[in-house]
Amino acid sequence: TEPYLQLTSYSMSFGPFGGPQTLDIITNRTWKLSSNDDWIKIGKTEKLGTYRFRVTIEIPYYKEFIKRIGEITLVTPFETRKIEIRQFPLTPLLYFDNKIRQIPKTSGSFNVELTSNDCIWSISGAPSWISMNPSSGKGSGTISVSHLQNPDGVERKATLKFTSGAVSEYLEIIQAASERVIELNINEKNINSGAGNFILNISTNNAPWEASGLPDWITLSENNAVSGKTIAVYYQVNDAKSERSCSLMFKSGNEIKILKINQEKAPVYSHDGFTGDPVFVGSNWWAPVNLGYDPVNYKYGKLYQWGRKDGQGYGDSEPATEIKIAQNPTISNPAPNVFYTTEISPYDWHFPKDDQLWGPSKTKNDSCPEGWRIPTYEEGQSFKSYINQMIRVVVGKHGESECTGMYIYGYGKKGLFVPFAGFRSISGISFGRDISTSFWTSGVKGPYAYALDFDRLYVSFDDNVRSEAKSIRCVKE
């Protein structure tokens, strides 16, 4: 007859405690069963029929913690087969009491009594303020856990992971907070009357803080945070005739620090018998009237060629202005009501070009009253950028005079009235009265100089030829 061979299983699995299992062999030929693994024992064979045999496979107790695999070899005259034997390891046992430990803010240590079934284990997840001895081992034992003092004003936590194979247990450690500390790099700040900001550094021992006591003219970039922070303190214009102060409170826990802020009163503009209140636009206070204002002769103010100390009137409606050809006029020799004309490009009344006639700091050619000066290039830019409202073409109060012009609003509720004073061209001819005007700045660009230009539709900031005569609106030094 044809040989045949059948097995009831081609693999056998045992738990860590081992034990016997049987394997049935059905064949019509002789066979032999063996194993090269000394932990696999081939036991008795029982004949169940003519061609059926039942063999007992015995596996001992396994105390290790990794799976082991062996095999049995079945040999017949016509075929050889392998039967895989797998024994699974013990499940590691890790146990300790009190899996959440509350510890004090001070440095110290405590013990963890670990119970284990002789498995190999290790501990991970410790932050820099925690150490273990030992941090790995085998079987049961005592583990000493040391901790540093907590310098922070908030509690801190750590989770230690005890691992053996696929088994993990966790120990949560919660350390109490230290007393909260808060410090300010400034305790008192004196600020000018304009709008602006300054930087405040708030230091804590990683504790949260909050600010209070803010008046309506002070805002903070952040009113609270979870730890120390550098913030901006913003203040609004003080257009009152008196100083003002406030005390901001910064609190962290029971700790409180005070920042006192003192803001100057609004300045007063006074020149040639006129006194008025300036208006803050952009980054500075601007005089309430044009330079040279006189309610009788110059109700729109005087017109100035760039860099000159002396101004002129407009057309024939104001005191007569003499037109002279520019021939390197001496700037130290005052020449009121004289306009220097030139037909030579780039149309500068002064030869050679001198960028220092006006500057960011007050010069001898600056006719603004004491404490005031001609605006800088940056202040002209800021003026243009911070205009948030314009009321165009109105009859408004320029000093004590009524003029056609426009109101400019920057910070605050008070507007700056800009009369349409017009200008003188390079030939000395007057244009634009009650239609447009310009404010010189000390900023220069090559042979030209920058001015704010106003008309009935817009405000611009651009370069102009220096021999034109335009208005000057002084700003606070």
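- Classification of the F274-Y293 ring pair by plane angle, with boundaries at 30° and 60°, yields perpendicular.
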(request) In sequence, state the C-alpha distance, the side-chain angles, and the governing distance for F420 and M406, and then conclude on side chain to side chain contact (heavy atoms under 4.5 Å, CB included). (result) CA-CA 8 Å; F420 290 149; M406 65 195 302; 3.8 Å; yes

(request) Using the salt bridge (charged side-chain N to carboxylate O under 4.0 Å, His left out) rule, take K82 and E71 through it: C-alpha gap first, then chi angles, then the decisive distance, then the call. (result) CA-CA 6 Å; K82 304 288 186 179; E71 64 181 15; 3.8 Å; yes

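- Both tests hold for K470 against W440: distance to the six-membered ring centre under 6.0 Å, angle to the ring axis within 45°.
- Residues E188 and L259 share a closest heavy-atom pair of N-CD1, 4.0 Å.
- Aromatic rings of F461 and Y450 (six-membered ring for Trp) have centroids within the 6.0 Å cut-off, being under it.
- A donor-acceptor pair shorter than 3.5 Å cannot be found between the side chains of N205 and D152.
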(request) Could you go through the side chain to side chain contact (heavy atoms under 4.5 Å, CB included) check for F250 and L184 one step at a time? (result) CA-CA 9 Å; F250 294 83; L184 309 178; 3.8 Å; yes

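- A donor atom on one side chain and an acceptor atom on the other are not found under 3.5 Å apart for S382 and E379.
- The closest side-chain donor-acceptor pair between S438 and D453 falls under 3.5 angstrom.
- Listed by chain and number, the residues in a side-chain contact (heavy atoms from CB on, under 4.5 Å) with S124 are K161 (sequence neighbours excluded).
- A side-chain contact (heavy atoms from CB on, under 4.5 Å) with N290 is found for one member of H398, K302, K299 and no other, namely H398.
- Between the side chains of D434 and Y300, at least one donor N or O sits under 3.5 Å from an acceptor N or O.
- Cation-pi geometry between R68 and Y62 is met: under 6.0 angstrom from the ring centre, within 45 degrees of the axis.
- Residue-environment remark: CG (N111) exceeds the threshold of 12 foreign heavy atoms within 6.0 Å.
- Checked options F280, Y269, F383; the residue passing with W286 is F383 (criterion: ring pair (Phe, Tyr, Trp, His ring centres under 6.0 Å)).
- Inspection of the R466 and Y448 side chains reveals no N or O donor paired with an N or O acceptor under 3.5 Å.
- Evaluation of the ring pair (Phe, Tyr, Trp, His ring centres under 6.0 Å) test over residues 126-179, restricted to residues two or more places apart or in two chains, returns F96-F162.
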(request) Mind running ring pair (Phe, Tyr, Trp, His ring centres under 6.0 Å) on Y234 and F198 for me, showing each step along the way? (result) CA-CA 7 Å; Y234 298 92; F198 62 89; 9.3 Å; no

